[in-house]
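Reviewing the structure listed below.
Numbering starts at 1 and runs along the sequence shown.
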Amino acid sequence: ELGVTGRTVFIDTDDDSALDAGERFTTSGAGGAYLFDALAAGTYRIVVQADPDWADTGPSFASVTLVAAQQSPAHDFFVNAKPTLVAIGNVAVNEGQTAQAGAVGTDAGDVLVYSLIAAPQGASINGASGAISLVTTDGPATVPLTVRATDRAGSFVERSFEVNVNNVAPQPAVSGAAGATVGQTYS
């Protein structure tokens, strides 16, 4: 993904990957750029602060060695925004109908692929659009479904919902002649 604005980047002087009192820090700006000015020559461990909404896809720190009056190019911390998925409301249908719902996910600057986890027979999802359908059979029944949205880096989020299948009373149908004659076969 593109560089991320608003991430805390710090010089980890005690190598514990945690921002401690007295350690210099900054916040990434547009495109993920960050700057520490007036550093003396030496080697610095630069760390991006952990964020529960992001997944590391590579090293979360960079070791940078500077000589006097040197600037270092940007260092990528290989972080990936985890996708989000809007809650999906439960759906109720009568037996024999097709239940429909939609998964809506976001992941800034990324493409999501939708899938169903342990999908029951008759359930399907469009991997690109998130359109979900379940062909129901007999009711009453509750069918749990879990949707997964996965980004290109492999980060994913899941949401579960239920399809409640209502039982429908059978509708008997009578057919045949309107009258019958005693002693004759009725058909």
Side-chain angles (χ1 to χ4, degrees), residues 1-90 101-120 123-132 143-162:
E1 295 184 8
L2 300 175
V4 182
T5 302
R7 295 299 303 272
T8 300
V9 181
F10 62 97
I11 299 173
D12 188 17
T13 57
D14 59 1
D15 294 337
D16 67 353
S17 296
L19 177 58
D20 302 310
E23 291 180 328
R24 289 183 61 183
F25 68 94
T26 187
T27 302
S28 61
Y34 59 92
L35 172 71
F36 292 101
D37 58 359
L39 293 175
T43 299
Y44 299 90
R45 178 181 160 108
I46 310 296
V47 176
V48 63
Q49 193 169 37
D51 184 322
D53 294 328
W54 290 78
D56 289 335
T57 58
S60 60
F61 70 92
S63 182
V64 178
T65 301
L66 301 175
V67 294
Q70 179 187 8
Q71 290 187 352
S72 177
H75 295 276
D76 190 347
F77 290 104
F78 304 101
V79 293
N80 175 57
K82 292 180 182 176
T84 60
L85 193 57
V86 176
I88 304 168
N90 292 341
V104 178
T106 58
D107 193 354
D110 211 340
V111 175
L112 297 177
V113 175
Y114 299 96
S115 58
L116 290 174
I117 305 303
S124 64
I125 189 167
N126 181 302
S129 72
I132 305 162
V143 181
L145 294 171
T146 299
V147 176
R148 178 180 284 183
T150 307
D151 67 15
R152 290 179 288 194
S155 292
F156 64 88
V157 62
E158 295 178 349
R159 290 278 187 184
S160 296
F161 71 103
E162 295 178 343

(request) Kindly compute the distance separating OG1 (Thr84) from CG (Asp107), expressed to the nearest 0.5 Å. (result) 7.5 Å
(message) Working to the nearest 0.5 angstrom, can you tell me the gap between Thr26 OG1 and Phe10 CZ?
(response) 12.5 Å
(request) Kindly give the heavy-atom pair with the smallest separation between Gly105 and Leu112, and that separation in Å. (result) C-CD1, 3.5 Å
(message) For the residue pair Arg45 / Ser17, report whether a side-chain donor-acceptor contact shorter than 3.5 Å exists.
(response) yes
(message) Given 3.5 Å as the limit, does a donor-acceptor pair link the side chain of Tyr114 with the main chain of Ile132, or not?
(response) no
(message) Let me confirm one number: the CG-CD distance from Leu145 to Glu162, rounded to the nearest 0.5 Å.
(response) 9.0 Å
(message) One pair to check against side-chain contact (heavy atoms from CB on, under 4.5 Å): Ile46 and Ile11. What are the steps and the verdict?
(response) CA-CA 5 Å; Ile46 310 296; Ile11 299 173; 3.7 Å; yes
(request) State the OH-CG distance between Tyr44 and Asp12, to the nearest 0.5 angstrom. (result) 13.5 Å
(message) Just verifying a value: how many Å separate Ile117 CD1 and Arg159 CZ, rounded to the nearest 0.5 Å?
(response) 14.5 Å
(request) Measure from the side-chain N and O atoms of Thr8 to the backbone N and O of Thr27, and report whether any donor-acceptor pair falls under 3.5 Å. (result) no
(message) Does any part of the side chain of Phe161, heavy atoms only, come nearer than 4.5 Å to the side chain of Val147, both counted from C-beta?
(response) yes
(request) Kindly compute the distance separating CG (Leu85) from CD (Glu158), expressed to the nearest 0.5 Å. (result) 9.5 Å
(request) Specify the closest pair of heavy atoms between Gln49 and Arg7, including all atoms of both residues, with the distance to one decimal. (result) O-NH2, 2.6 Å
(request) Please name the pair of heavy atoms, one in Ala149 and one in Pro83, separated by the smallest distance, quoted to 0.1 Å. (result) O-CG, 3.6 Å
(request) Would you please test Phe36 and Val9 for side-chain contact (heavy atoms from CB on, under 4.5 Å) and show each step? (result) CA-CA 10 Å; Phe36 292 101; Val9 181; 4.1 Å; yes
